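Below: the structure, in structure tokens.
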Amino acid sequence: MTDPMTAREAIALVTDDFTELSFPEGPLEGDGPIGWPGYSAAHGRAADRSGETESVICGTGTIGGVPVVLLSFEFRFLGGSIGERTGARAVAAHRLARARRLPVVVLPATGGSRMHEGMRALLQLQVIARESAITRAAGLPQIAVLRDPTTGGGWATLGAGSDVVLALPGAQVGFAGSRVRPADADPGAYTAEAQLAHGHIDAVVPPGELHPVLGRWLTLLTRPAEGPVPPPYALGTRSGSTSPAESGREAVARARHPDRPRAPAYLDAHFTYRAEISGDRCGGTDPGMLCGFGQGPDGRTVAYAAQCGTATRPAGFRTATRLVRLADRLGIPVLTLVDTPGAANDPQAERDGAGPAIAALFEAVATARVPLTSLLVGEGGSGGALALAAPDNTWATPDSYFSVIAPELAAAILKRTPEEADTTADLLRLRPRDLLALGAVRGIVDGPARA
């Protein structure tokens, strides 16, 4: 183990005030539900060794000024394993969270289900998953901070089932615990860092930074902005021009200019601070799609999904879908920044499910109950760009274009020469002013107001 913290030390790491829930459980009767020989004695020894009466401690506290319900696991108590009493405590904690409208913070350190209770222990995973789902459906966020180790059913419910998943450096994280993995398994595959690289968690956070990071996340997820997000102002080109392009070929050239402001510049200008989610939870990440939550000047939260000018990978579309659905559940309005030459179309993208990933994003955007605002900041390449665009509330900067297909590809499909791509760009009516006339955008945004 790289994390020797007890359950109470983990709580103290993130909050200074903690009020524990009491559970009148009484002594364990017999050897448990399946009569495991010596279970009662082992349970007693675990209590003596850890100073706890079960593997999880539940209560309320405040993190970053936000009241929360906390569940913290004690690994010294039978490996932090989940049994019937563990499940009952988790149920009580979630019901308290819903009654008081509080977010839930889980600090797991667990090896999974408790063998001493057999199937009665395994069934607690369904119980915990159901309570967690009901809490999230009530519009309350759940954040997990993975300690070492977080494996088995604890990872597959309390950990991976959370809205935002953070982890301590070097923590063992995986469905397979260290004693049940293949003999030749690479230990590096079962770490927080590996899970981050493959899109299964959002960040690895050192212990000394955990309190402020967790506080920022809780603040962002519990203070939504009201109403649609106003579109950001245009940041302009290197030349400082903020007038729309005169021709299709000029619109394409300006959108592709290497010095044109990209998504990070727009996000930095729009938010006072922001926190990113990472990964599609299906094994992939796409650095060309930035997703997360940002605080505006009014202190309220806006969710964002922003393309960075590269061909969007299936993982990027899935991450954006995850963002839109989470924001919708929490009642947080969404801002999207559209900027891509199109969806990635290489063989690996097809194997990774480009079509289903784009379809899921179209559905998430179309069915969102929260208001969505989109700003076209560069290239709008076909369906890979349109999937991120808000129906009836998409705006354009002067340095942008939107097209059914890239001019070069349109020329190739129409069996024209490459030299005719510029003429084709004019015919496609892809300039910002054309988009406005066609009803594809609501308006063309100006630059920042001058003092």
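Below, each value reflects all heavy atoms present in this structure, side chains not excepted, and no hydrogens, waters or symmetry copies. Just so we're clear, the structure is a prediction, and the values are computed from it rather than from any experiment.
- For S374 (side chain) and A390 (main-chain N/O), a donor-acceptor pair under 3.5 Å exists by modelled atom type.
- Under the 4.5 Å side-chain criterion, counting only non-hydrogen atoms from C-beta, P371 is not in contact with V229.
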Evaluate E226 against R300 for salt bridge (Lys or Arg N to Asp or Glu O under 4.0 Å), listing each step before the verdict. CA-CA 8 Å; E226 296 182 359; R300 295 293 179 173; 5.8 Å; no
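- Checked against a 6.0 Å centroid threshold, the rings of H43 and F77 count as neighbours.
- Residue D392 places its CG atom among 12 or fewer non-hydrogen atoms of other residues, nucleotides or ligands, all under 6.0 Å distant.
- The pair E74-R8 does not meet the salt-bridge criterion, since no charged nitrogen lies less than 4.0 angstrom from a carboxylate oxygen.
- Listed for the R147 side chain is no donor-acceptor partner under 3.5 Å among the backbone atoms of L168.
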May I have the step-by-step check of side-chain contact (heavy atoms from CB on, under 4.5 Å) for L372 and N393, ending in yes or no? CA-CA 7 Å; L372 279 78; N393 197 25; over 6 Å; no
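- The two atoms that bring I332 and P224 nearest to each other are CG1-CB, 3.7 Å, heavy atoms only.
- Using a 4.5 Å cut-off on side-chain heavy atoms (C-beta onward), Y233 and V445 make no contact.
- With rounding to the nearest 0.5 angstrom, the CG atom of L123 is 12.5 Å from the CD1 atom of I82.
- Screening residues 278-293 for side chain to side chain donor-acceptor pair (under 3.5 Å) gives D202-R281, D280-R318 as the qualifying pairs, with residues at least two apart or on separate chains.
- There is no side-chain donor-acceptor pair under 3.5 Å between R223 and T301.
- When every heavy atom of L220 is checked against every heavy atom of G294, the shortest pair comes out as CD2-C, 3.8 Å.
- When all heavy atoms of A389 and T394 are compared, the pair lying nearest together is CB-OG1, 3.6 Å.
- Side-chain atoms of T135 and R130 include no donor-acceptor pair closer than 3.5 Å.
- Listed for the S403 side chain is no donor-acceptor partner under 3.5 Å among the backbone atoms of L430.
- Using a 4.0 Å cut-off between charged nitrogen and carboxylate oxygen, R114 and E117 count as a salt-bridge pair.
- Checked against the 6.0 Å centroid criterion, the rings of F175 and Y190 do not qualify as a close aromatic pair.
- With respect to the salt-bridge test (charged N to carboxylate O, under 4.0 angstrom), the residues R76 and E52 do not qualify.
- Panel note: side chain Q307, backbone D339; a donor-acceptor pair is recorded below 3.5 Å.
- Contact check for S50 versus T6: no side-chain heavy atoms found under the 4.5 Å cut-off.
- The backbone N or O of A368 sits nowhere less than 3.5 Å from a side-chain atom of D328 that would complete a donor-acceptor pair.
- Annotation: side chain of S72 is not in contact with side chain of C58 (no heavy-atom distance under 4.5 Å).
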Criterion side-chain contact (heavy atoms from CB on, under 4.5 Å) on V334 and T373, from CA distance to verdict: CA-CA 6 Å; V334 179; T373 302; over 6 Å; no
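- The nearest pair of heavy atoms linking V441 to A396 is CG1-CB, 4.3 Å.
- Here the straight-line distance linking atom CG of L13 with atom CG of L210 works out to 5.0 Å at 0.5 Å rounding.
- Distance check: L376 CG to F402 CZ gives 6.0 Å after rounding to the nearest 0.5 Å.
- Here CD1 of I201 is found 13.5 Å from CD1 of I277. Values are rounded to the nearest 0.5 Å.
- D148 and T150 form no side-chain donor-acceptor contact under 3.5 Å, judged by distance and modelled atom types alone.
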As a quick check of understanding, evaluate side-chain contact (heavy atoms from CB on, under 4.5 Å) for L140 and V104, giving each step before the final call. CA-CA 8 Å; L140 301 170; V104 175; 6.0 Å; no
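- Side chain to side chain, R136 and S132 meet the donor-acceptor criterion of an N or O pair below 3.5 Å.
- The CG atom of L337 sits 8.0 Å away from atom CG of L388, with the distance rounded to the nearest 0.5 Å.
- H116 and Y39 have parallel rings, their planes meeting at less than 30° on a 0 to 90° scale where 60° marks the start of perpendicular.
- Under the 3.5 Å distance criterion, the side-chain polar atoms of T340 are matched with a main-chain donor or acceptor of G342.
- L323 is not listed as a side-chain neighbour of M289, based on a closest heavy-atom distance of 4.5 Å or more.
- Counting heavy atoms from C-beta on, the side chains of T53 and F23 never come closer than 4.5 Å.
- Ion pair R260/D399 not flagged as a salt bridge, since none of the NZ, NE, NH1 or NH2 atoms sits closer than 4.0 Å to an Asp/Glu carboxylate oxygen.
- Taking 4.0 Å as the cut-off between side-chain N and carboxylate O, E54 and R85 do not count as a salt-bridged pair.
- In this structure, A109 and F73 approach most closely via the heavy-atom pair N-CB, 3.5 Å.
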For R256 and E379, what are the C-alpha separation, side-chain angles and deciding distance, and is it a salt bridge (Lys or Arg N to Asp or Glu O under 4.0 Å)? CA-CA 7 Å; R256 293 176 177 174; E379 293 194 81; 3.0 Å; yes
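- The backbone N or O of I11 sits nowhere less than 3.5 Å from a side-chain atom of T15 that would complete a donor-acceptor pair.
- A343 and A311 make their closest contact through C-CB, 4.3 Å (heavy atoms, listed as atom of the first residue, atom of the second, distance).
- Side-chain contact between V377 and P261: absent, with no pair of heavy atoms (C-beta onward) separated by less than 4.5 Å.
- With 3.5 Å as the limit, one finds a donor-acceptor pair spanning the side chains of T86 and S55.
- Checked by atom type and distance alone, the side chain of H270 never pairs as donor or acceptor with a backbone atom of P232 at under 3.5 Å.
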Test ring pair (Phe, Tyr, Trp, His ring centres under 6.0 Å) applied to Y304 and F271, step by step: CA-CA 10 Å; Y304 64 84; F271 298 117; 5.6 Å; yes
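- Other residues, nucleotides and ligands place no more than 12 heavy atoms under 6.0 Å from the NE2 atom of H198.
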Test side-chain contact (heavy atoms from CB on, under 4.5 Å) applied to V145 and V106, step by step: CA-CA 6 Å; V145 179; V106 187; over 6 Å; no
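- Judged by distance alone, the side chains of D17 and T62 do bring a donor and an acceptor atom under 3.5 Å apart.
- Contact check for V91 versus R95: side-chain heavy atoms found under the 4.5 Å cut-off.
- A side-chain donor-acceptor contact under 3.5 Å links T319 to the backbone of G279.
- Applying the side chain to side chain donor-acceptor pair (under 3.5 Å) test to pairs two or more places apart or on separate chains, those with a residue in residues 155-164 are Q142-S162, D163-R329.
- The backbone N or O of G170 sits less than 3.5 Å from a side-chain atom of E193, completing a donor-acceptor pair.
- Applying the side chain to side chain donor-acceptor pair (under 3.5 Å) test to residues at least two apart or on different chains, the pairs with a partner in residues 341-363 are R313-D346, Q348-R351, Q348-D352.
- To the nearest 0.5 Å, atom CD1 of residue I57 and atom CG of residue L70 are 10.5 Å apart.
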